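Treat the numbers as computed from the prediction; the structure is a model and nothing was measured.
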Amino acid sequence: MVDRFFPNEMPEYIPETPINTSSIQPGDSLTKLLHLPYQKLCENLNKSALNIKETVVKETWGRGGKRVQDYTVYTGVLGTAYLLFKAYEVTNNKTDLGLSLDIVKACDSASRGSKNVTFVCGRSGVCALGAVLAKHASDQQLMNHYLTEFRQINLPADLPYELLYGRAGYLWSCSFLNRHIGEGTISSLTMRGIVDDIIKGGRKLGKGRCPLMYEWHGKKYWGAAHGLAGILHVLMDMELTPNEQEDVKATLRYMIRGRFPSGNYPSSEGSESDRLVHWCHGAPGLALTLTKAAQVYGDTDFLQAAKDAAELVWNRGLLKRVGICHGISGNTYVFLTLYRLTGNPEYLYRAKAFASFLQDRARRLIGERFMHGGDRPFSLFEGIAGMAYLFLDMNEPASARFPAYEV
């Protein structure tokens with residue numbers, strides 16, 4: 001199991017105090033980063049992020065002759081557009097906004113007729129991101145085009161419920177539009193119909209000890225990408241009845257009772273493998289969902305469970321992978337999310353520590369093949385685009401959000 005992650009030898013906590021970095025041993029560049037004032041570190045991370053962004057654009061957009069083979073946020077060029085949007089939000093560089101819109105326009109053509117309807121892997125991501133970008137570009141006509149296209153998406157009757165390919169993933173797109181364009185952009189009636197389907201399906205399969213349960217490809221997954229954590233995370237942004245809220249809370253309590261002694265969570269119902277510490281499977285995704293539950297319901301048990309999961313991520317979350325989905329970049333958001341809720345500077349330090357590790361060592365370790373750069377090494381969810389997104393998000397930790405998961 002140890003071969004999945006690097007031992008975390010960084011100090012548990014370094015308070016923000018002035019220090020003479022000349023006293024640090026020569027060659028100990030990681031320690032120097034850990035001692036940098038937070039804003040100074042962010043300047044360092046920003047520079048790296050913008051350089052990585054240029055590489056990502058060149059590799060995913062420029063080399064392909066602006067032809068779209070994979071239009072998705074997850075591994076495709078729409079993830080590049082999402083990164084450019086984040087860069088625009090941080091720097092206000094209109095060139096990034098314009099290029100992002102150009103990419104979305106190409107994805108609009110490439111995704112027509114697709115049966116995938118979610119934000120991360122489907123057509124709704126193209127239309128939702130396109131509408132938001134058009135709003136920022138003050139192009140009302142283009143925004144209306146993408147909103148019209150979004151509303152014309154039909155959900156197949158046999159659509160699963162999970163985040164990456166299912167109903168929860170489409171519902172997340174609705175929340176994204178309502179947050180960035182305005183409440184009511186997608187009507188509560190539209191969302192309520194999907195919520196009804198998700199709750200009904202979960203109750204049907206969740207007979208017995210767990211109020212809600214879902215299945216994807218023959219397994220009852222627990223994680224964020226394909227299972228309970230992701231579905232519940234989306235449901236908590238919806239207007240739920242008191243009974244539905246109780247089902248969500250009871251399902252989370254069921255999962256807390258079913259965690260491993262280590263603090264990690266099974267990837268699926270009945271699994272006894274305590275190996276995966278990823279956003280997609282394991283404690284990181286659960287930590288994000290439990291933190292949200294603590295915020296929504298004011299439940300201290302959920303907050304404590306999130307803190308317990310974060311401790312596991314600190315100890316075993318320096319994965320030998322770089323990405324958002326199953327890598328250090330995604331795991332860093334656990335600490336940013338808890339910092340946002342609690343204001344505890346120790347969580348901000350831990351986010352700083354993971355980001356510093358990436359900044360100091362990721363590209364070298366990938367080059368030396370001690371770290372996996374992702375099957376799609378320039379993509380948002382598997383590759384260095386996700387690392388760049390994280391680095392940009394570190395600028396405003398109080399508003400940092402795991403991309404395409406936290407609204």
Side-chain angles (χ1 to χ4, degrees), residues 73-74 78-79 82-83 85-86 89-90 118-121 124-125 128-129 132 162-164 168-181 183 186 191 223-238 240 248 252 278-297 302-303 305-307 309-310 313 317 323-344 347-348 350-351 354-355 380-381 385-407:
V73 168
Y74 191 88
L78 195 63
Y82 205 170
L83 173 60
F85 178 46
K86 170 55 70 175
E89 289 183 308
V90 172
T118 65
F119 188 91
V120 177
C121 291
S124 76
L129 183 57
V132 171
E162 46 86 86
L163 186 77
L164 256 61
Y170 175 83
L171 203 54
W172 195 90
S173 297
C174 298
S175 294
F176 179 79
L177 283 169
N178 284 344
R179 181 199 166 200
H180 286 276
I181 294 183
E183 285 301 320
I186 304 302
M191 293 189 291
H226 299 300
L228 283 169
I231 296 167
L232 299 179
H233 198 280
V234 173
L235 285 176
M236 284 187 282
D237 280 318
M238 302 296 119
L240 301 179
V248 169
L252 287 170
H278 304 166
W279 167 77
C280 48
H281 300 295
L286 265 295
L288 296 175
T289 297
L290 288 164
T291 302
K292 185 175 187 68
Q295 178 186 9
V296 171
Y297 300 122
F302 292 150
L303 179 57
K307 291 178 177 179
V313 174
I324 288 281
C325 182
H326 33 270
I328 298 174
S329 298
N331 287 357
T332 307
Y333 279 93
V334 170
F335 308 122
L336 288 171
T337 300
L338 276 165
Y339 173 71
R340 191 172 73 237
L341 179 63
T342 67
N344 185 338
Y347 288 121
L348 185 58
R350 290 187 169 191
F354 270 37
L380 185 68
F381 267 66
M387 182 170 70
Y389 195 103
L390 167 68
F391 286 176
L392 292 168
D393 240 352
M394 294 287 289
N395 283 276
E396 297 290 342
S399 59
R401 299 289 190 276
F402 191 109
Y405 193 61
E406 297 182 288
V407 180

**OP:** State which residues pass side-chain hydrogen bond (donor to acceptor under 3.5 Å, both in side chains) with Ser124; sequence neighbours excluded, sorted by chain then number.
**Re:** Ser173

Original post:
Does some side-chain heavy atom of Phe176 sit less than 4.5 Å from a side-chain heavy atom of Leu129?
Top reply: yes

Subject >> Those residues that, when tested against Tyr339, pass ring-ring contact (aromatic ring centres under 6.0 Å, His included) (two or more places apart) >> reply: none

Subject >> Side-chain touch Lys307/Tyr347, heavy atoms, less than 4.5 angstrom >> reply: yes

**OP:** Can you sort out the partners of Tyr333 under side-chain hydrogen bond (donor to acceptor under 3.5 Å, both in side chains), two or more places apart, ordered by chain and number?
**Re:** Asp393

Original post:
Mind checking what makes ring-ring contact (aromatic ring centres under 6.0 Å, His included) contact with Phe335, not counting sequence neighbours?
Top reply: Phe354

Original post:
In chain order, what residues pass the side-chain hydrogen bond (donor to acceptor under 3.5 Å, both in side chains) check against Glu406, with sequence neighbours excluded?
Top reply: Thr337, Arg340

Could you pull out every donor-acceptor pair under 3.5 Å between side chains of residues 279-289 and any protein atom, sequence neighbours left out?
residue, atom, partner, partner atom, Å
Thr289, OG1, Ala229, O, 3.0
Thr289, OG1, Gly285, O, 3.3
Thr289, OG1, Tyr405, OH, 2.8

Original post:
Do Leu163 and Ile231 come close enough that some side-chain heavy atom pair is under 4.5 Å?
Top reply: no

**OP:** Over all heavy atoms of both residues, which pair between Leu348 and Pro397 is shortest? Give the atoms and the distance, please.
**Re:** CD1-CB, 3.6 Å

Subject >> Within residues 394-404 or reaching into it, pairs that qualify as salt bridge (Lys or Arg N to Asp or Glu O under 4.0 Å) - sequence neighbours excluded >> reply: none

**OP:** Not counting sequence neighbours, which residues clear side chain to side chain contact (heavy atoms under 4.5 Å, CB included) with Asp237? List them please.
**Re:** Ser175, Lys292, Val407

**OP:** Would you name the heavy atoms of Leu235 and Leu240 that are closest together and state the gap between them?
**Re:** O-CD1, 3.6 Å

**OP:** Check step by step if side-chain contact (heavy atoms from CB on, under 4.5 Å) holds for Leu171 and Met238.
**Re:** CA-CA 9 Å; Leu171 203 54; Met238 302 296 119; 3.8 Å; yes

Original post:
How close do Ala225 and Glu162 get, heavy atom to heavy atom, and via which atoms?
Top reply: O-OE1, 3.4 Å

Original post:
Which pair of heavy atoms, one from Met191 and one from Cys174, lies closest together, and at what distance?
Top reply: SD-CB, 3.6 Å

**OP:** For the pair Val334 and Phe402, evaluate side-chain contact (heavy atoms from CB on, under 4.5 Å) and give the outcome as yes or no after the intermediate values.
**Re:** CA-CA 9 Å; Val334 170; Phe402 191 109; over 6 Å; no

Original post:
So how far is it from Phe302 CZ to Gln295 CD, rounded to the nearest 0.5 Å?
Top reply: 13.5 Å

Subject >> Output field: ring centroids Phe119/Tyr82 closer than 6.0 Å >> reply: yes

Subject >> Contact check, side chains of Tyr389 and Ser329, non-hydrogen atoms, under 4.5 Å >> reply: no

Subject >> Sequence-distant partners of Asn395, side-chain hydrogen bond (donor to acceptor under 3.5 Å, both in side chains), two or more places apart >> reply: Asn46

**OP:** Quick one: list whatever passes ring-ring contact (aromatic ring centres under 6.0 Å, His included) with Phe391, sequence neighbours left out.
**Re:** none

Original post:
Looking at NE2 of His278 and CD1 of Ile324, how far apart are the two atoms once the value is rounded to the nearest 0.5 Å?
Top reply: 13.5 Å

**OP:** Apply side chain to side chain contact (heavy atoms under 4.5 Å, CB included) to Ala306 and list each qualifying residue two or more places apart in sequence or on a separate chain.
**Re:** Leu290, Thr291, Leu338

Subject >> Heavy-atom closest pair, residues Ala351 and Thr332 >> reply: O-CG2, 3.5 Å

**OP:** Give the minimum heavy-atom separation between Asn331 and Gly317, together with the two atoms involved.
**Re:** ND2-O, 3.0 Å

**OP:** Indicate yes or no: at least one non-hydrogen side-chain atom of Val73 is less than 4.5 angstrom from one of Thr118.
**Re:** no

Subject >> Heavy-atom side-chain proximity of Glu89 to Leu392 below 4.5 angstrom >> reply: no

Original post:
Any side-chain heavy atom of Leu252 sitting closer than 4.5 Å to one from Leu228?
Top reply: no

